[in-house]
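Each chain gets a letter, A, B and so on, in the order the sequences are listed, and its residues count up from 1. Because the structure is predicted, anything quoted here is derived from the model rather than measured.
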Protein chains: 2
Amino acid sequence: MDNLQMAPIIIGKLLNISGMLQRHSNNITQPFGLNQQQFTIFFEIANAGKVKQKDMVNRLLLEKAHVSKVVKKLHKMELITITTSDEDKRSAWLAPTPEGKKILKKCRGEFRKWHKEWTEAFDDKQLNSILENISHLQAVFEDKLIGGNL
Amino acid sequence: MDNLQMAPIIIGKLLNISGMLQRHSNNITQPFGLNQQQFTIFFEIANAGKVKQKDMVNRLLLEKAHVSKVVKKLHKMELITITTSDEDKRSAWLAPTPEGKKILKKCRGEFRKWHKEWTEAFDDKQLNSILENISHLQAVFEDKLIGGNL
DNA sequence: CTTTTTTAGTTGCCAAGGAAACTATATTAA
DNA sequence: TTAATATAGTTTCCTTGGCAACTAAAAAAG
């Protein structure tokens, strides 16, 4: 099979896999009142400790409008605090609340269970190879799709 | 790095990649009045030549409600024909119209251009490795996520 | 300084797509 | 043959998230 025949199959499978992943991730995060994307944003906030919306947009390559709405939701759920900064009054610092940290820990535990389960089907070498391949793909697509033209 | 550390990174990157892919695919299909998912369904119909909605649902693992709506749209756009079958009056055969085939060909051409571009960043061996890894992932997730419990 | 431009975030609008309830036909069981 | 169940597809409701227009503040240009 030559490269051009493989390309659409690879893309198709990636889209298919991510559909399954999203649906499953949603199922994991749903009990916590969040979906996968929302949880990712929450997770990034907690991981960074103190960030602005702008950072989320840059790091996760999401729509700023979308991030804004999710931040609102997280705040309403009292999972994060929003502290207006003095240096730049346009933006505010985001940080997880103690309650938020608790939720996060629980949810990460659920994810860990699942990860434990599916990684059983692979050995170390395979996982390393997968990680390497996917990182390469990610770098190329980021370059071609974001940096490149669009 | 051990397996459990790699797992969330792999999942995260997969989700990130697929986000980029979806956005880019949408840009390719948009001029034809379709989005990526809609095009995938259309493509499946054309590929099979003659199918029922049920087949799409099984093959693409999509919501039947969603497929139903997309089929309606494709029919309205006169890209497919819907022929009620005599054997089973609940379902109808779907097939691409000549116009639909033309659109499909053009759109596939656009995809081919893009595939040509991004595959340049990889050699044969890498692409083969990627395809192998991704196929394995797909099989495992299908098994664990669909067959398994959820 | 004042004006222009850029940046951070918000809001409103709309299509996409998931979930559930529903309709109509087919299949199975009694 | 009739009643119960299963299947194909539709409709409805609702959340999500992309896009564009907007506000307010900051930075750059004049």
Side-chain angles (χ1 to χ4, degrees), chain A residues 15-16 18-27 29-30 32-42 45 51-77 80 82-94 145-146 150, chain B residues 15-16 18-27 29-30 32-42 45 51-77 80 82-94 145-146 150:
Chain A
L15 289 171
N16 178 260
S18 70
M20 291 192 282
L21 291 183
Q22 267 184 35
R23 262 168 268 147
H24 187 68
S25 302
N26 280 340
N27 283 328
T29 58
Q30 213 166 32
F32 303 97
L34 298 169
N35 71 14
Q36 177 261 318
Q37 285 237 27
Q38 292 160 356
F39 185 77
T40 302
I41 291 173
F42 179 34
I45 292 172
V51 277
K52 296 181 174 180
Q53 290 193 29
K54 184 187 69 163
D55 307 320
M56 303 284 104
V57 172
N58 293 337
R59 249 180 265 174
L60 302 174
L61 299 173
L62 298 170
E63 281 286 315
K64 60 179 182 172
H66 181 209
V67 172
S68 170
K69 285 171 202 166
V70 174
V71 163
K72 275 240 164 67
K73 180 174 182 179
L74 293 174
H75 188 232
K76 207 171 167 187
M77 290 173 75
I80 60 167
I82 300 180
T83 323
T84 44
S85 81
D86 284 336
E87 322 108 54
D88 189 337
K89 282 173 191 168
R90 288 171 305 179
S91 53
W93 293 106
L94 311 175
L145 301 185
I146 313 281
L150 183 89
Chain B
L15 289 171
N16 178 259
S18 69
M20 292 193 281
L21 292 183
Q22 267 184 34
R23 261 169 269 147
H24 187 68
S25 301
N26 281 340
N27 283 327
T29 57
Q30 212 166 34
F32 303 97
L34 298 170
N35 70 15
Q36 176 262 318
Q37 284 239 28
Q38 292 161 357
F39 185 78
T40 302
I41 291 173
F42 179 34
I45 292 172
V51 277
K52 295 181 174 181
Q53 290 193 28
K54 183 187 69 161
D55 307 321
M56 304 284 103
V57 172
N58 292 338
R59 248 181 264 174
L60 303 173
L61 299 172
L62 299 170
E63 281 286 316
K64 60 181 182 172
H66 181 211
V67 172
S68 169
K69 287 173 205 163
V70 174
V71 163
K72 274 241 164 66
K73 180 175 182 180
L74 294 173
H75 188 231
K76 206 172 171 186
M77 291 173 74
I80 60 168
I82 300 180
T83 323
T84 44
S85 81
D86 285 336
E87 322 109 54
D88 189 338
K89 281 173 190 167
R90 289 170 306 178
S91 53
W93 293 107
L94 310 174
L145 302 185
I146 313 282
L150 184 85

Chemist: Closest heavy-atom contact between Ile45(B) and Val51(B)?
Modeler: CA-CG2, 3.9 Å

Chemist: Would you say Gln22(A)'s side chain and Gly19(A)'s backbone share a donor-acceptor pair under 3.5 angstrom?
Modeler: no

Chemist: Taking CH2 from Trp93(A) and C1' from dG9(C), how many angstroms apart are they, rounded to a whole number?
Modeler: 15 Å

Chemist: What is the distance, to the nearest angstrom, from the CG atom on Leu94(A) to the P atom on dG9(C)?
Modeler: 8 Å

Chemist: In degrees rounded to 10°, what angle is found between the helical axes fit to the five outermost pairs at each end of the helix from dC1(C)-dG30(D) to dA30(C)-dT1(D)?
Modeler: 20°

Chemist: Students often get this wrong, so: under 4.0 angstrom with heavy atoms, is Asn35(A) touching a base, only sugar-phosphate, or nothing?
Modeler: sugar-phosphate

Chemist: Looking only at heavy atoms, what is the nearest atom pair of Met77(A) and Leu34(A), with distance?
Modeler: SD-CD2, 3.8 Å

Chemist: Counting only heavy atoms and a strict 4.0 angstrom limit, can you tell me which residues of residues 64-74 of chain B come near DNA chain C?
Modeler: Ala65(B), His66(B), Lys69(B), Lys73(B)

Chemist: Taking 5' to 3' order, which nucleotide of DNA chain D is first and which is last to have an atom within less than 4.0 Å of a heavy atom in chain A?
Modeler: dT16(D) to dA26(D)

Chemist: Using whole Å, report how far CD1 of Ile41(A) lies from C1' of dG9(C).
Modeler: 14 Å

Chemist: Under 3.5 Å, is there a donor on one side chain and an acceptor on the other for Thr40(A) and Gln36(A)?
Modeler: yes

Chemist: Keeping the roles fixed (side chain from Asp55(A), backbone from Lys52(A)), state whether a donor-acceptor pair exists under 3.5 Å.
Modeler: yes

Chemist: If I take atom CG in residue Leu61(B) and atom C1' in nucleotide dG18(C), what distance separates them, rounded to the nearest angstrom?
Modeler: 15 Å

Chemist: On DNA chain D, check which nucleotide each of Lys52(B) and Lys89(A) is closest to and give me the residue with the more 5' one.
Modeler: Lys52(B)

Chemist: CZ of Phe39(B) versus P of dA16(C): gap in Å, rounded?
Modeler: 16 Å

Chemist: Find the distance Arg23(B):CZ to dA15(C):P and express it as a whole number of Å.
Modeler: 20 Å

Chemist: Looking for any heavy atom pair under 4.0 Å, which part of the strands does Glu87(A) touch: base, sugar-phosphate only, or nothing?
Modeler: sugar-phosphate

Chemist: Mind listing the closest non-hydrogen atom pair of Leu15(B) and Ser18(A) along with its distance?
Modeler: CD2-O, 4.1 Å

Chemist: When you look at Gln37(B) and Leu62(B), which way does the side chain to side chain contact (heavy atoms under 4.5 Å, CB included) test go after all the steps?
Modeler: CA-CA 10 Å; Gln37(B) 284 239 28; Leu62(B) 299 170; 3.3 Å; yes

Chemist: Which atom pair, heavy atoms only, marks the closest approach of Val67(B) to Val57(B)?
Modeler: CG2-CG2, 3.9 Å

Chemist: Measure from NE2 on His75(A) to P on dG9(C) and round the result to the nearest Å.
Modeler: 15 Å

Chemist: Given side chain to side chain contact (heavy atoms under 4.5 Å, CB included), test Leu94(A) with Gln53(A) step by step and report yes or no.
Modeler: CA-CA 8 Å; Leu94(A) 311 175; Gln53(A) 290 193 29; 4.0 Å; yes

Chemist: Calculate, to the nearest 0.5 Å, the distance between atoms CG and CZ belonging to Leu21(A) and Arg23(A) respectively.
Modeler: 9.5 Å

Chemist: Tell me whether the side-chain N/O atoms of Gln53(A) come closer than 4.0 Å to OP1 or OP2 in dT10(C).
Modeler: yes

Chemist: Looking at NZ of Lys64(B) and NZ of Lys69(B), how far apart are the two atoms once the value is rounded to the nearest 0.5 Å?
Modeler: 12.5 Å

Chemist: Could you tell me if the side chain of Gln30(B) sits less than 4.5 Å from the side chain of Asn27(B), heavy atoms only?
Modeler: yes

Chemist: In whole Å, what is the span from the CG atom of Asp88(A) to the C1' atom of dT7(C)?
Modeler: 8 Å

